[in-house]
2 protein chains.
Amino acid sequence: MSVFNRTGLDKPEARVPQSNLPRQLTQESAEKVTELSGDDRRGFLKRMLSVSSGAALGGVALGGMGATKALAELSSEANLPPNVPSWTRTLGQGVLTKPYGEPSSYEKDVIRRTVPWLTADTISSISMTPLQDLKGIITPSGLAFERYHAGVPDIDIDQHRLIINGLVEKPLIFTMDELKRFPSVSEIKFLECPANGGMEWKGPQMEGLQFTHGMISCCEWTGVKLSTLLEEAGVKPEGKWILAEGADGSAMARSIPIEKALDDTLVVYGQNGEALRPEQGYPLRLINPGWEGNTCIKWLRRLEVGDKPWYMREETSKYTDLLADGRARKFSFVQECNSVITSPCPEKPWRAKSGADKGEPSTGWHEIEGMAWSGRGSIKAVDISFDGGVSWVNAPLKGLVISKALTRFAYRFKWDGEPLLLQSRAVDETGYVQPTLAQLREQRGLNSIYHKNSIHTWRVESDGSVRNVQLG
Amino acid sequence: MSVFNRTGLDKPEARVPQSNLPRQLTQESAEKVTELSGDDRRGFLKRMLSVSSGAALGGVALGGMGATKALAELSSEANLPPNVPSWTRTLGQGVLTKPYGEPSSYEKDVIRRTVPWLTADTISSISMTPLQDLKGIITPSGLAFERYHAGVPDIDIDQHRLIINGLVEKPLIFTMDELKRFPSVSEIKFLECPANGGMEWKGPQMEGLQFTHGMISCCEWTGVKLSTLLEEAGVKPEGKWILAEGADGSAMARSIPIEKALDDTLVVYGQNGEALRPEQGYPLRLINPGWEGNTCIKWLRRLEVGDKPWYMREETSKYTDLLADGRARKFSFVQECNSVITSPCPEKPWRAKSGADKGEPSTGWHEIEGMAWSGRGSIKAVDISFDGGVSWVNAPLKGLVISKALTRFAYRFKWDGEPLLLQSRAVDETGYVQPTLAQLREQRGLNSIYHKNSIHTWRVESDGSVRNVQLG
């Protein structure tokens, strides 16, 4: 285990040797398909070539011996027949079988999930994103976590209105078509419930990544800058706060400082290229990039400009942090810098899923991957530890690095089967370093629910399973 | 109309005056809600405040007079009552009503569509993306165009295998789990059928943007670089081409030069954060960024390395361009630089959709928006014309500008109701300028189907309707 090293990119263990991974993989594969005798294999090969050439379907023949030879080579070298599956022998479904597409039925377990004991009723509850199955930085809209205070209203887009009133020169009311005539912007931003991870202030109790960190998503949002609309209404000099109010049954509302409203707040109608999903606020919501998800009022119907905050229910009895001395931290808007390792995780252990070694630990090379984010801007760096934070190595960021968006990091690692205490620690562009749980508890006590952005620990057991643990 | 000007950002017409748009919008709104008498309005106001304050639902009261006064002001100024919709008076659906989310029922017309006469059967046909309703640069997976040669196979991910054979040191066979152990990348890239626009070589015949340009999508793809896999297999010195073959009933296959395969070709299993959709190749497909969509073999089951192209059906009888002299242009891989104005378009005319002036032309300020893309790299600039290409102004790019991805451009324009011949012309980072149809026809004749990337013209009529036309 190397000591802390921010420039660990060139360390030997960061490289995948050319000969290690494929040999192992090929052997695994060979063990999986052994049921046919030599004669059967030849039969299989013939049938496969017949289908591959498209002869039965009126197609053009393959390159001839080139293909045959190669397949024979493959069959001989790996001691297995190429498997010609049933779906290559039939015709599939035509276009527009689903005019609006859906995932494969083989992905039926990749869904949002909730924790039943969390709330008394599903209309005021939360579901979580299956982070363990996500790739890249875009969260598909169908899997973005949900949080409601009175359920999802079924809003007719033609009947929906946005009102701007209060301390403005000219109160305004907009139809959706009118809002869409304003110049639009599209931005990829994360959206996180401040309660994300909040069940674990006092100790680890959730069994998987979906539940420890799944109250987060990251989408491409399209809409109008709130500053554009406020400019049209004309904010009076004494206007210092905005009340954003939803059209749902709870009339969910939050107070937002005018500085944020005039900075990067968006009034959005688009999500990942299409209209907002109903559970995300269709047809209109607020996005306060980097801020508590619940300030991003869904089903947005009214923006009132005032001279002080309103102290609504959801910023007094909820969404404040009760400190150790009994006082409450209020208007803790920013979602601080955070990160988590997504592979491995309890749902994605380092154990073979199939084949002769099914259930055995998968030693050898892995790409440890995770995601980091900060409400204050871009992710600058991520370090990971294999020993519970004693030593650290730099895990390079990969793909797009966008301010206030999920950012991926990865580190290539050869696992020898020894237990690990895996951690990630993100640093954002302001220099803020993701704290340990001990540091967070020291500052905030144990009464908190919200804003638990501490370094997370996965224990990798020698059998390849991964457990959620907390270090002292 | 101003003359060609690449730095037209500061031109007067590029700014929206603060007083123009909102006044007009407020008047439109006022005309929409006029059915209640003064007494009814007061009743409405009271009820609205009761709901807004959350009193009936146990919430915290609004700021009191501030809100009342503002609403009264609004009601008086715009001569209308704020509309308190039925969905604010009831509870909605709870979380996990849809563990995998779906669009609002009010968006039911935002779907893929096909042209029935285009092909004899839906299993070998194409559906098109509703570009007129899309925002930003991500195409939602459910709306990405489909193209099949033998329908969509229903592939069991656990049974799927990828074979690498031919002129390699070591033929390999991979399970999906094995492929996912390799270091992954996620990249946003467009995917376009080379037949996009191909129905219009000889004249305009499609009635809307979805049909003139809808064979394109842009997603975040996640997978392994093909170069990584080929490095593991070890390409022999004489290996110059790759045959990529699908597991569908047509065993769809294309030849790809080794240079591309070792450059930026991806073997992907992820699309917009989740697994590939079935119609996009679940569980595995090739992505050749910037190249013909049909080279991006779906349901990928085999990669064979060879010393020359295979001349498969889909690169001989199809996907070649018959020139005027009877010779055929083959291996025309790159999707050249192209662009189209998406707003307005035939499906999104400049006419009021509702209100007292329903059906009337919407004069005044608009944001003309469109998208541009190039298979050779990034979009450098887009110009638009209002007079069919006589004069041009620069339309600034907006949002992310990513190589070989859709790129948005926009231009703010005050329409006086005069007819327009709207065009866009994109330039990519190589300096390639999108050609006129006349230039393209001169070079390629009239026998072509594929690679029609010429400047497109929408005629905006004085009634606000938009028609697909071609200029001589």
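Order of the sequence lines fixes the chain letters, A, B, ..., with proteins taken first and strands second; residue numbering starts at 1 for each chain.
- Neither the backbone nor the side chain of Ser141(A) comes within contact range of chain B; no heavy atoms are under 4.5 Å apart.
- Residue Gln93(B) qualifies as open at atom CD: its count of foreign heavy atoms under 6.0 Å is 12 or below.
- Considering CD1 of Ile188(B) and CD1 of Ile188(A), their distance stands at 4.5 Å, rounded to 0.5 Å.
- A distance of 6.0 Å separates CG in Asp154(B) from OG in Ser104(A), rounded to the nearest 0.5 Å.
- For Asp156(A), the parts sitting under 4.5 Å from any heavy atom of chain B are the backbone and the side chain alike.
- The two atoms that bring Trp365(A) and Arg181(B) nearest to each other are O-NH2, 2.8 Å, heavy atoms only.
- Here the CD1-CD distance, from Ile138(A) to Glu220(B), works out to 5.5 Å after rounding to the nearest 0.5 Å.
- For the residue pair Tyr100(B)/Glu107(A), the side-chain donor-acceptor check at 3.5 Å is not satisfied.
- Interface remark: Arg113(A) contributes backbone atoms only to the contact with chain B (heavy atom separation under 4.5 Å).
- A 4.5 Å side-chain heavy-atom check between Thr119(A) and Val95(B) finds every atom pair outside the cut-off.
- Smallest separation of non-hydrogen atoms from Ser186(A) and Gly136(B): OG-CA, 3.2 Å.
- Rounding to the nearest 0.5 Å places CG of Asn272(B) at 12.0 Å from NZ of Lys135(A).
- Across Gly273(A), Gly94(A), Ala275(A), the residue that shares the most heavy-atom pairs under 4.5 angstrom with chain B is Gly273(A).
- Here the CD-CH2 distance, from Gln159(A) to Trp87(B), works out to 6.0 Å after rounding to the nearest 0.5 Å.
- Using a distance-only test at 3.5 Å, with no hydrogens or angles considered, a donor-acceptor pair links the side chain of Arg112(A) to the main chain of Lys98(B).
- At least one donor-acceptor pair closer than 3.5 Å links the side chain of Lys398(B) to the backbone N or O of Ser184(A).
- In this structure, the separation between CD1 on Ile155(B) and OG on Ser86(A) is 9.0 Å, given to the nearest 0.5 Å.
- Residue contact with chain B, scored on non-hydrogen atoms closer than 4.5 Å, involves the side chain of Thr222(A) exclusively.
- Of all non-hydrogen atoms in Glu146(B) and Leu96(A), the two that sit nearest each other are OE2-N, 3.2 Å.
- Of the atoms belonging to Tyr282(A), it is side-chain heavy atoms, and not backbone ones, that fall under 4.5 Å from chain B.
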